[in-house]
Amino acid sequence: MKKLVSILLLFTFGLSSCEKDDICDANTPTTPRLVITFYDDIDPTTPASVLNMTVKGEGEENPIIFNENGTDGTQYQISANTVSIPLRTDSDTTTYEFTYNASSTNRNTDILTFRYTRENIYVSRACGFKTNFTLDPAASVVRTDPDGNNWMLNITVLNRNIVSENENDPHINIVF
């Protein structure tokens with residue numbers, strides 16, 4: 001009888017130590033990215049693709065990978081009218097080098113610093129926190145030009161709030 005009670009106690013304690021699986025559902029909204037749409041200066045109402053652009057974060061060794069299947073540097077290049085880039089969750093600024101025509105000798109680099117405030121929001125035990133951003137109303141985007149030749153002609157902030165609910169909507173328009 002003692003053995004049976006001991007086994008039941010062990011079984012009961014064993015069950016009490018189990019906990020539910022914590023898996024973050026892929027559909028759970030997470031930290032949103034900044035969405036930038038590009039327009040040609042000839043027709044600033046129609047989105048236009050920037051050719052062979054790379055986007056490299058300050059202090060990073062390599063640019064953002066846009067093409068997982070690319071080789072010899074093409075994995076970093078994108079020819080598109082819209083890009084989504086992450087903002088730093090541990091700082092109130094993020095700086096990127098945007099290089100137009102990166103695979104050519106006629107490349108041109110502009111540097112953009114995005115200024116914002118952060119709001120960390122608890123999602124769940126499985127997913128942790130997400131961060132929403134609000135672009136600074138006074139100086140959301142600061143442009144510097146290391147080569148003295150701006151390829152970005154006009155930068156317009158469309159939506160200062162970068163939150164999961166509007167993650168796919170453009171936040172910034174750039175005319176080039």
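Sequential numbering from 1 along the given sequence is applied to the chain's residues.
The backbone N or O of Y39 sits nowhere less than 3.5 Å from a side-chain atom of N173 that would complete a donor-acceptor pair. A donor-acceptor pair under 3.5 Å links the side-chain atoms of R160 to the main chain of D136, judged by distance alone.
Under 3.5 Å, the side chains of T131 and T89 contain no donor-acceptor pair of N or O atoms. Side-chain contact of T109 with Y100: a donor-acceptor pair under 3.5 Å is absent, judged by distance alone.
Between I64 and P86, the shortest heavy-atom contact is CD1-CD, 4.1 Å. Taking every heavy atom of both residues into account, L153 and F176 meet most closely at CD1-C, 3.9 Å. Shown here for K130 and S164, the closest heavy-atom pair between the two residues is NZ-OG, 3.4 Å. Summarising the geometry of F133 relative to R88, their closest heavy-atom pair is CE2-O, 3.5 Å, with the distance given to 0.1 Å.
Listed by first then second residue, pairs satisfying salt bridge (Lys or Arg N to Asp or Glu O under 4.0 Å) with a partner in residues 30-53 number zero, not counting sequence neighbours. Residue pairs meeting the disulfide bond (SG atoms under 2.5 Å apart) criterion with at least one member in residues 64-135, sequence neighbours excluded: C24-C127. Evaluation of the salt bridge (Lys or Arg N to Asp or Glu O under 4.0 Å) test over residues 108-122, restricted to residues two or more places apart or in two chains, returns D92-R118.
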Show your reasoning for whether side-chain contact (heavy atoms from CB on, under 4.5 Å) applies to T28 and V123.
-> CA-CA 8 Å; T28 302; V123 178; 3.4 Å; yes
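Each of I85, N81, I155 was evaluated against I36; a single residue qualifies, I85, per the side-chain contact (heavy atoms from CB on, under 4.5 Å) test.
Taking N67 as the reference, nothing meets the side chain to side chain donor-acceptor pair (under 3.5 Å) condition, with sequence neighbours excluded. The side chain to side chain donor-acceptor pair (under 3.5 Å) test applied to R107 returns no partner, not counting sequence neighbours.
Cluster partners of I121, using a side-chain heavy-atom cutoff of under 4.5 Å among ILVMFWY residues and allowing indirect links: none.
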